[in-house]
Amino acid sequence: MKRILKGTSYVILTNLFLAFIGYFTKILIAREFSVEDFGLIFGVISFFEFFHLIYYLGIDNAVIKFVSDFKAKKNTFKELQSYFSGIVTQFKITFPLSLVILSLSPLIANYFFKTNKATSLLIIGSLALILHPLRLIKSYFAGIQKIDKMSLINALEKIILFVFTLLFILVLPKNNSINAYMLSYFIFFVALIIINLIILKKNKLVNLYNKKLSKKMLLYGLPLVFSSALGMLFGKIDVLMLTYFRNLTEVAWYNVSVPTVKSIYGLIGSFSLVYFPLANEMLKRDNKKSFKKNFNRLLKYILIICIPSCLFIILNSKEIINLLFGVKYIDAHSSLIIYAFMILLVPLNKIFYPILLSLSKTKEVAKNSIIAMIVDMIGNFLLIFKWGILGVAFSSLLGYLTLIILNFKVIKKNLRLKFPLLKSITLIILSGICIGLTNYILGWLNSSSILFVFVLKFILYFGMFGVIILITKQITIKEIVQLIKS
């Protein structure tokens, strides 16, 4: 368990910093523009992210694999050759694809997004798409085991997006400021050009491309496209369906609700990044007793964090939306209530997934993902026309719940693990008691400040929950001390 916590601490701190900047940038855009324009900006971004499936080709993972292999052989030239060959392979697709989107941008704007405002966003996005293969620099740094430099690229992206979005909003005319965020993306890719030139300056680019190596990388990467497609379909399809079948207002609500819960479950899910090698090691050694002990402890910590967080957001959804994004987005609170359950479901699946990989149950993972995706897609088509974003949110929730049940069924069959249902019910009851006590205490308070009341409610709720779980011995002081020392 100590190894999990030590490995996770750096990842969590980095992710916390980047998540804050990214989320704050989204809040800035939401407050600056109308609800429809905010929905349009992120609708266009989802449109381009959807095409990631076409040019991805598993090259990201192939670059990591081949670069790390040549690093082990101490062949620096081959490392760079693998990296550059990956860029060229993706560029062969992104360049013609961007030209097609560029030439059709007025039609796409009018018939898909149903507004001329999308044209300029599509043009800028098309130009950025050409340079998208340069993002493989993160895979290159991962391959040579320079995780600090890979994290630096992630940080650079978030900082550029925030700084230049703010700058463009201030300097561009009001009717053109809607392009601020997309222009900032283009600036980031310009920065990647400079970084790549520095890395490759000692070598002639012509000599770096290797056709045979490129084919080998494709053969390695293509099988990984399927798993990437499933992950992408769970998210971006929802936005595209809302854009085409509903309206940009509901796209805006989606981009308010989902990032809010994602900022929470993304941090909790960081445990999975280091849990996989540890789980794999214990299972390979056939140390199932130690594995079960660590699994139960980790699951307990996740439930203790996620269940009260989930209930707090559900019961305070209006205040959260109002404080962060403003009263004009208040109608997004209904979808936030549904998506809040993801705070519990996603971290659970992020723990189940590495266990399945350690058990070499890749076929079961693929099968379960397909079933969950079908449930999600059928739910979308049945519910989106009548219920809009609420139907999409419910379908996503149902699809993810299906995935978790199926994945845990496989784990239970192979390792005879049990889900702590009684503990979950106990934590829900304790959370409910804390909510009741908090509301009773604040009922005596007369204050017109929404922020003051919300902060006080947050402190009282989680403070009482912490005291109650100690009294009921859901967690002990000794465990907390051990966690802090770790």
Side-chain angles (χ1 to χ4, degrees), residues 22 25-26 28-30 32-56 87-88 90-136 156-196 232 235-237 239-249 251-252 254-255:
T25 304
K26 188 158 281 192
L28 170 68
I29 298 168
E32 178 65 25
F33 298 102
S34 67
V35 176
E36 292 78 11
D37 286 351
F38 177 73
L40 176 61
I41 291 167
F42 288 96
V44 172
I45 288 172
S46 294
F47 174 81
F48 281 104
E49 288 178 342
F50 177 79
F51 288 104
H52 182 250
L53 176 62
I54 297 175
Y55 63 81
Y56 166 62
I87 291 177
V88 174
Q90 284 193 347
F91 181 76
K92 288 178 179 179
I93 299 174
T94 59
F95 183 71
L97 180 61
S98 64
L99 292 181
V100 171
I101 297 173
L102 192 65
S103 60
L104 296 176
S105 55
L107 291 174
I108 297 171
N110 287 322
Y111 290 99
F112 187 80
F113 293 100
K114 303 176 184 70
T115 173
N116 289 327
K117 289 182 179 179
T119 305
S120 57
L121 291 169
L122 289 165
I123 291 171
I124 299 167
S126 299
L127 296 174
L129 179 61
I130 298 174
L131 302 175
H132 205 277
L134 296 178
R135 290 177 73 102
L136 286 173
L156 180 67
E157 179 179 3
K158 297 296 183 184
I159 292 169
I160 285 177
L161 287 177
F162 172 70
V163 172
F164 281 92
T165 296
L166 179 61
L167 181 64
F168 285 133
I169 286 174
L170 293 173
V171 301
L172 289 175
K174 190 68 177 178
N175 59 333
N176 288 326
S177 60
I178 193 173
N179 300 313
Y181 192 63
M182 197 66 82
L183 282 170
S184 300
Y185 255 116
F186 186 75
I187 295 294
F188 168 65
F189 285 115
V190 171
L192 287 186
I193 292 175
I194 297 170
I195 294 169
N196 275 276
M232 183 273 299
K236 304 310 171 187
I237 282 288
V239 178
L240 295 181
M241 288 184 72
L242 284 171
T243 302
Y244 188 76
F245 293 113
R246 298 294 291 186
N247 52 67
L248 292 173
T249 297
V251 174
Y254 179 95
N255 280 284

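Positions are given from 1 along the sequence.
Rounded to the nearest 0.5 Å, atoms CG (Leu127) and CG (Leu183) are 10.0 Å apart. Between the OG1 atom in Thr165 and the OH atom in Tyr185 there is a gap of 9.5 Å [rounded to 0.5 Å]. Rounding to the nearest 0.5 angstrom, the gap separating the OG1 atom in Thr94 from the CZ atom in Phe91 is 6.0 Å. Expressed to the nearest 0.5 Å, how far NZ of Lys114 lies from CG of Leu40 amounts to 11.5 Å. Taking OG of Ser46 as the start and CG of Asn255 as the end, the distance is 6.0 Å to the nearest 0.5 Å. One finds the NE2 atom of His132 at 10.5 Å from the CZ atom of Phe48 (value rounded to the nearest 0.5 Å).
For the pair Leu242/Tyr254, a side-chain contact is recorded, criterion being any heavy-atom separation below 4.5 Å from C-beta on. You'll find the side chain of Ser177 stays beyond 4.5 Å of the side chain of Phe168, heavy atoms only. Counting only heavy atoms from C-beta outward, the side chains of Arg135 and Glu157 approach each other to under 4.5 Å. For the pair Met182/Ile41, no side-chain contact is recorded, criterion being any heavy-atom separation below 4.5 Å from C-beta on.
The shortest non-hydrogen separation linking Ala180 to Ile169 is CB-CG1, 3.8 Å. Closest heavy-atom contact between Asn196 and Leu192: ND2-O, 2.7 Å. When all heavy atoms of Pro133 and Ile87 are compared, the closest pair comes out as CB-O, 3.6 Å. Here the closest non-hydrogen pair linking Gly43 and Leu240 is O-CD2, 4.4 Å. The two residues Ile130 and Ser98 make their nearest non-hydrogen contact at CG1-OG, 2.9 Å. The shortest non-hydrogen separation linking Leu102 to Ser126 is N-OG, 3.6 Å.
Under a cutoff of 6.0 Å and an axis angle of 45°, Lys26 and Phe162 do not form a cation-pi pair.
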*asked:* For Leu156 and Ile195: C-alpha separation, side-chain torsions, deciding distance, then whether side-chain contact (heavy atoms from CB on, under 4.5 Å) applies.
replied: CA-CA 11 Å; Leu156 180 67; Ile195 294 169; 3.8 Å; yes
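Partner Leu129 forms a side-chain contact (heavy atoms from CB on, under 4.5 Å) with one of Leu99, Ile101, Leu122, Ile93 and no other, that one being Ile101. For the side-chain contact (heavy atoms from CB on, under 4.5 Å) with Phe113, the lone residue among Thr119, Leu121, Val251, Thr243 that qualifies is Thr243.
Between Tyr181 and Phe164, a ring centre-to-centre spacing not shorter than 6.0 Å is recorded.
Thr115 places no side-chain N or O within donor-acceptor distance of the main-chain N or O of Ala118, the cut-off being under 3.5 Å. Of the possible polar contacts, none joining the Asn110 side chain to the Leu107 backbone as a donor-acceptor pair under 3.5 Å is found.
Surrounding CZ of Phe95 are at most 12 heavy atoms belonging to other residues, nucleotides or ligands under 6.0 Å away.
Look at Glu36 and Lys117 and you find no salt bridge, because none of the NZ, NE, NH1 or NH2 atoms lies under 4.0 Å from a carboxylate O.
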